[in-house]
Amino acid sequence: MSHFEEFIPAEKKQANELPNHEHRQYLRINLRETGDESLALACDGVTVELYADNWWRKQRLGIANIKNIGLGGAGLLSATRLTVGRSIIIEFQGQRLKLEVARSWPVNNKLHFSGAKWVTQDENEIINMINLITKKNTYTPASI
């Protein structure tokens, strides 16, 4: 018997993180019709105007398609490459709200996906934007 055989092997430390856990505080509303389709080919979501956060002038960056949204932030697909830490403004139906890019990665050579968090702490502003973006058209049945 060697000196090492008398030691009891330690149990492996369990990982504290769950696989694919995104460290979000809030749930997000998925605006995609189906998750089966590739993100690069998905034509669903809500299109918004994208602006740089400049205090002295409005600089349009392009458009972005919101794929998910919630009290914590939004997931954006855009041809504009957004760097982590950059402040941006989204505009939808005349309403504007500021976000900060938290994650960003290329989807393909033309599209980039960015996860951004709201800069404002005013939940009413955030809820108003979420309601505006997620608002579904309601149709009244036609009388025959």
Side-chain angles (χ1 to χ4, degrees), residues 4-5 7-144:
F4 299 107
E5 290 176 344
F7 290 106
I8 301 170
E11 291 181 22
K12 290 186 179 181
K13 184 178 177 182
Q14 293 181 353
N16 290 338
E17 292 186 26
L18 299 172
N20 299 325
H21 184 68
E22 300 183 25
H23 304 288
R24 290 185 180 153
Q25 287 182 300
Y26 303 98
L27 294 175
R28 294 226 180 149
I29 300 165
N30 188 359
L31 302 177
R32 297 191 61 196
E33 291 174 9
T34 176
D36 298 339
E37 193 172 14
S38 165
L39 191 58
L41 301 174
C43 297
D44 46 13
V46 176
T47 303
V48 296
E49 295 286 330
L50 196 58
Y51 294 95
D53 181 30
N54 293 332
W55 62 270
W56 53 280
R57 71 179 173 121
K58 184 167 114 174
Q59 180 186 1
R60 186 176 184 275
L61 297 173
I63 60 171
N65 194 268
I66 296 181
K67 298 298 183 184
N68 59 60
I69 191 167
L71 287 174
L76 309 162
L77 184 65
S78 179
T80 305
R81 184 178 177 269
L82 301 172
T83 56
V84 173
R86 182 172 189 174
S87 290
I88 57 171
I89 296 171
I90 60 167
E91 182 178 320
F92 184 70
Q93 295 182 354
Q95 299 290 327
R96 290 181 170 203
L97 213 48
K98 188 175 174 180
L99 295 126
E100 181 182 320
V101 178
R103 293 179 181 81
S104 186
W105 62 89
V107 174
N108 57 30
N109 61 350
K110 294 184 181 182
L111 294 173
H112 304 273
F113 189 85
S114 300
K117 59 184 177 182
W118 304 115
V119 172
T120 183
Q121 298 300 314
D122 186 350
E123 279 193 8
N124 289 327
E125 286 183 23
I126 296 169
I127 290 169
N128 288 338
M129 181 63 86
I130 292 170
N131 287 340
L132 193 61
I133 288 173
T134 60
K135 187 177 185 178
K136 303 273 188 219
N137 290 330
T138 55
Y139 299 100
T140 54
S143 301
I144 298 178

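All values reported here derive from a predicted model rather than from experimental measurement. Note that these values count all heavy atoms, side chains included, but never hydrogens, waters or copies made by symmetry.
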From CA spacing to verdict: side chain to side chain contact (heavy atoms under 4.5 Å, CB included), T134, V46: CA-CA 8 Å; T134 60; V46 176; over 6 Å; no
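Residues satisfying the side-chain contact (heavy atoms from CB on, under 4.5 Å) test with A52, not counting sequence neighbours, are N54, Q59, L61, R86. Residues that satisfy the salt bridge (Lys or Arg N to Asp or Glu O under 4.0 Å) test with R81, not counting sequence neighbours, are absent from this structure. Take T120 and apply the side chain to side chain donor-acceptor pair (under 3.5 Å) test, not counting sequence neighbours, and it matches no residue.
Partner S78 forms a side chain to side chain contact (heavy atoms under 4.5 Å, CB included) with one of V48, L50, I88 and no other, that one being L50.
The structure places CD1 of I133 at 11.0 Å from CG of N128, a figure rounded to the nearest 0.5 Å. Distance check: I66 CD1 to I90 CD1 gives 4.0 Å after rounding to the nearest 0.5 Å. In this structure, the separation between CD1 on I69 and CZ on F92 is 9.5 Å, given to the nearest 0.5 Å. Considering CH2 of W118 and CE of M129, their distance stands at 6.0 Å, rounded to 0.5 Å. For the atom pair CG of L111 and CG of L77, the computed distance is 5.0 Å after rounding to the nearest 0.5 Å. In this structure, the separation between OG on S114 and CG on L82 is 4.0 Å, given to the nearest 0.5 Å.
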Pair up each side-chain donor or acceptor in residues 93-101 with any protein partner under 3.5 Å, not counting sequence neighbours, and list the distances.
residue	atom	partner	partner atom	Å
R96	NE	E91	OE1	2.7
R96	NH2	E91	OE1	3.0
K98	NZ	D53	OD2	2.7

